[in-house]
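Encoded as structure tokens, the structure appears first; notes follow it.
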Amino acid sequence: MSYNGWENRETWNASLWVNNEEILYRVAHNIANDSSHCMMSKVETLLSFLDVIWKDGKTPDGDDLSNVVWEDVINGLKD
């Protein structure tokens, strides 16, 4: 079931957080547009970064990160 054009609510919500926090957006944008890494590496890098700033595997408002389709978030950040 899709949510606002995203795979699910968690993916939509995580994308909102990533795109609306300036520093987070800049880091995620750089990860998404790094042509020297494959998609899986980009996902792992982004998740490693988010694990540091978002505690307990959740967005700041409580959505579970394990349900996020990170490839969609990263594709949304590409130039």
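Keep in mind that what you see is a predicted model, and the values were worked out from it rather than measured. The first residue in the sequence is number 1, and the count goes up from there.
- Considering I31, D72, V18 as possible partners of L77, the one that fulfils the side chain to side chain contact (heavy atoms under 4.5 Å, CB included) test is V18.
- Residues L47 and E44 have side chains not in contact (no heavy-atom distance under 4.5 Å, counting atoms from C-beta outward).
- Counting heavy atoms from C-beta on, the side chains of E10 and L65 never come closer than 4.5 Å.
- Side chains of L24 and W54 form a contact here, defined as non-hydrogen atoms less than 4.5 Å apart.
- Here the CD atom belonging to E7 is positioned 11.0 Å from the CG atom belonging to N67, to the nearest 0.5 angstrom.
- Side-chain contact annotation: T11 with N8, donor-acceptor N/O pair under 3.5 Å present.
- E22 CD to H29 NE2: the interatomic distance, rounded to the nearest 0.5 Å, is 12.5 Å.
- Taking the side chain as every heavy atom from C-beta outward, L50 and W17 never approach each other to under 4.5 Å.
- With hydrogens and angles disregarded, no donor-acceptor distance shorter than 3.5 Å links the side chain of D34 to the backbone of N30.
- Looking only at distances, a side-chain donor or acceptor of K42 sits under 3.5 Å from a matching main-chain atom of A32.
- Judged by distance alone, with hydrogens and angles left aside, the side-chain atoms of S41 form no donor-acceptor pair with the main-chain N or O of H37 at under 3.5 Å.
- Of the candidates D63, N4, D64, D63 is the only one forming a side chain to side chain donor-acceptor pair (under 3.5 Å) with N13.
- Cluster membership check: V69 does not share its hydrophobic cluster with Y3, using side-chain heavy-atom separations under 4.5 Å among Ile, Leu, Val, Met, Phe, Trp and Tyr.
- In the displayed structure, D56 atom CG is contacted under 6.0 Å by at most 12 heavy atoms of other residues, nucleotides or ligands.
- Closest approach of V68 and A14 over heavy atoms only: CG2-CB, 3.8 Å.
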